[in-house]
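Take a look at the structure below.
None of these values were measured; they are calculated from a predicted model.
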Amino acid sequence: MEPECWRRPALVDAVIAGGGQVTAPDEAEALVWAEPAAPELLPGVLENGPTIEWVQLPYAGIENLTHLLDRDHLWTCGKGVYAEPVAEHVLMLALAGLRGMGSYARARSWSPPEGRNLLGGRVTVLGGGGITESLVRLLGPWECRVTVLRRHPVPMDGVDRVVGPECLHDALRDADVVVVALSLTPETTGIIDAAALDAMAPHAWLINVGRGGHVVTDDLVEALAAGAIGGAALDVTEPEPLPDGHPLWEMENCIITPHVGNTPEMGLKLLARRVTENVRRYIAGEELLGPVDVDLGY
């Protein structure tokens with residue numbers, strides 16, 4: 001286990017709860033990586049840990065670490081760990097967007113009514129992972145018609161239609177809400193561009209909780225300024241943090257939250273549970289949760 005974790009008692013406790021023992025890298029069989037923002041440190045730790053077989057990464061998105069993936073180690077990440085809080089955030093942003101909270105919150109006088117129901121609406125989700133599974137469950141009471149776009153279309157519980165990437169524009173066309181919940185890969189970078197935004201309905205709201213790089217920011221600014229879509233609610237941006245004075249800050253049809261779909265306070269307990277379970281599985285020789293596909297990079 002990586003020494004920095006000594007300053008993260010919850011992860012230390014999680015390793016012990018799973019039946020493991022916290023030790024120095026040169027004696028370890030597994031590494032729980034607790035510094036996702038400092039990928040440059042990871043090679044040195046692995047070099048000093050010749051017996052490390054398994055590396056547990058903390059987040060589902062590992063784009064800043066993909067260049068370090070190899071076939072000498074078994075890699076797992078936080079896939080599905082933070083699905084529940086992020087899905088809840090999506091639901092909040094969707095309701096806020098459709099009900100006009102962006103403009104109402106900025107108003108300084110009584111304003112005319114706006115908004116439309118999520119109830120019975122059409123929701124298209126890009127990505128078929130844990131966030132989507134949680135979101136589909138949360139959408140149940142709203143009786144939405146849900147379309148999911150994913151790399152390999154297979155039926156999903158509670159989903160009316162699952163389609164492949166070649167159906168992107170068709171999936172966007174009749175949606176009231178479009179949710180981006182993808183991993184960031186070369187194939188998904190810029191997936192929401194001018195053509196995709198043009199395919200969306202004029203009243204539709206775009207919700208991005210994946211990565212800022214999924215959306216071509218300049219194209220989104222143009223679409224919002226022209227009223228080509230209903231609006232955008234962004235928990236992630238490109239660039240991130242979004243600079244002061246950026247046009248998106250001034251748009252009434254844009255709601256921005258500072259990448260808080262999952263906060264450290266929410267996430268640490270969830271990550272600790274994953275670490276405990278994976279440590280238990282590793283010791284028992286069972287399949288680990290959240291395996292990383294080295295070829296796909298997620």
Side-chain angles (χ1 to χ4, degrees), residues 1-86 89 129-131 183-184 209-213 235-236 240-241 258-284 286-294 296-298:
M1 183 172 178
E2 191 260 323
E4 179 66 18
C5 288
W6 284 106
R7 289 192 275 140
R8 290 169 171 77
L11 296 183
V12 173
D13 292 344
V15 169
I16 295 170
Q21 180 181 358
V22 179
T23 186
D26 60 355
E27 300 174 342
E29 297 175 55
L31 170 67
V32 177
W33 186 246
E35 286 294 340
E40 70 279 1
L41 301 178
L42 182 53
V45 176
L46 291 176
E47 185 177 345
N48 291 327
T51 57
I52 293 174
E53 299 176 344
W54 159 46
V55 181
Q56 172 71 55
L57 303 174
Y59 296 150
I62 60 170
E63 60 274 3
N64 66 335
L65 294 165
T66 52
H67 63 290
L68 300 175
L69 298 178
D70 58 33
R71 300 186 186 281
D72 297 326
H73 301 88
L74 174 63
W75 300 82
T76 58
C77 68
K79 290 179 185 177
V81 170
Y82 314 108
E84 293 293 322
V86 176
H89 200 72
I131 294 172
S183 298
L184 187 64
V209 293
R211 289 292 185 267
D235 190 47
V236 290
E240 186 174 308
H259 207 149
V260 291
N262 171 65
T263 65
E265 291 74 17
M266 298 175 193
L268 186 56
K269 291 181 181 179
L270 299 174
L271 176 60
R273 291 177 195 167
R274 171 61 62 87
V275 169
T276 293
E277 178 60 16
N278 266 351
V279 168
R280 185 197 66 76
R281 288 174 178 240
Y282 181 78
I283 292 171
E286 299 174 5
E287 184 177 354
L288 302 183
L289 300 175
V292 173
D293 186 313
V294 173
L296 296 177
Y298 65 89

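- Across every non-hydrogen atom of Pro43 and Pro39, the tightest pair is CD-O, 3.3 Å.
- Annotation: side chain of Val236 is not in contact with side chain of Val209 (no heavy-atom distance under 4.5 Å).
- At a threshold of 4.5 Å between non-hydrogen side-chain atoms, the residues Leu42 and Leu31 count as touching.
- At a threshold of 4.5 Å between non-hydrogen side-chain atoms, the residues Arg281 and Leu289 count as touching.
- Atom OH of Tyr282 has more than 12 neighbouring heavy atoms from other residues, nucleotides or ligands inside a 6.0 Å radius.
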Show me the donor-acceptor pairs within less than 3.5 Å that the side chains of residues 62-70 make with the rest of the protein, sequence neighbours left out.
{"residue": "Glu63", "atom": "OE2", "partner": "Arg211", "partner atom": "NE", "Å": "2.5"}
{"residue": "Asn64", "atom": "ND2", "partner": "Pro36", "partner atom": "O", "Å": "2.6"}
{"residue": "Thr66", "atom": "OG1", "partner": "Glu63", "partner atom": "O", "Å": "3.2"}
{"residue": "Asp70", "atom": "OD1", "partner": "Asp72", "partner atom": "N", "Å": "3.1"}
{"residue": "Asp70", "atom": "OD1", "partner": "His73", "partner atom": "N", "Å": "3.1"}
{"residue": "Asp70", "atom": "OD1", "partner": "His73", "partner atom": "ND1", "Å": "3.0"}
{"residue": "Asp70", "atom": "OD1", "partner": "Trp75", "partner atom": "NE1", "Å": "3.2"}
{"residue": "Asp70", "atom": "OD2", "partner": "His73", "partner atom": "ND1", "Å": "3.2"}

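- Counting only heavy atoms from C-beta outward, the side chains of Pro85 and Leu270 approach each other to under 4.5 Å.
- Listed by first and then second residue, the salt bridge (Lys or Arg N to Asp or Glu O under 4.0 Å) pairs involving residues 75-84 are Glu84-Arg137 (not counting sequence neighbours).
- You'll find the side chain of Glu29 stays beyond 4.5 Å of the side chain of Ile52, heavy atoms only.
- Residues meeting the side chain to side chain donor-acceptor pair (under 3.5 Å) test with Asn262, sequence neighbours left out: none.
- Among residues two or more places apart in sequence or in another chain, the side chain to side chain contact (heavy atoms under 4.5 Å, CB included) test is passed with Thr276 by Ala14, Ala17.
- Annotation for Glu40: atom CD counts as buried by contact number, over 12 foreign heavy atoms lying within 6.0 Å.
- Judged purely by atom type and a 3.5 angstrom limit, Asn48 has no side-chain atom pairing as donor or acceptor with the backbone of Asp26.
- Contact check for Tyr59 versus Val81: no side-chain heavy atoms found under the 4.5 Å cut-off.
- Remark: Ala83 pairs with Ile131, Ser134 by the side chain to side chain contact (heavy atoms under 4.5 Å, CB included) rule, at least two apart or across chains.
- Residue pairs satisfying the salt bridge (Lys or Arg N to Asp or Glu O under 4.0 Å) criterion with at least one member in residues 47-57, sequence neighbours excluded, are absent.
- Taking the salt bridge (charged side-chain N to carboxylate O under 4.0 Å, His left out) definition, one finds that Glu27 meets it with nothing, sequence neighbours left out.
- Under the ring-ring contact (aromatic ring centres under 6.0 Å, His included) criterion, Tyr298 pairs with no residue at all, not counting sequence neighbours.
- In this view, Arg280 and Glu277, Glu286 satisfy the side chain to side chain donor-acceptor pair (under 3.5 Å) rule, not counting sequence neighbours.
- In terms of heavy-atom proximity, Gly18 sits nearest to Ile283 at O-CD1, 3.7 Å.
- Between the Asn278 side chain and the Leu288 main chain, no donor and acceptor come within less than 3.5 Å of each other.
- Partner of Val55 under the side-chain contact (heavy atoms from CB on, under 4.5 Å) criterion, chosen from Thr76, Val45, Leu46: Leu46.
- Applying the salt bridge (Lys or Arg N to Asp or Glu O under 4.0 Å) test to pairs two or more places apart or on separate chains, none has a residue in residues 265-276.
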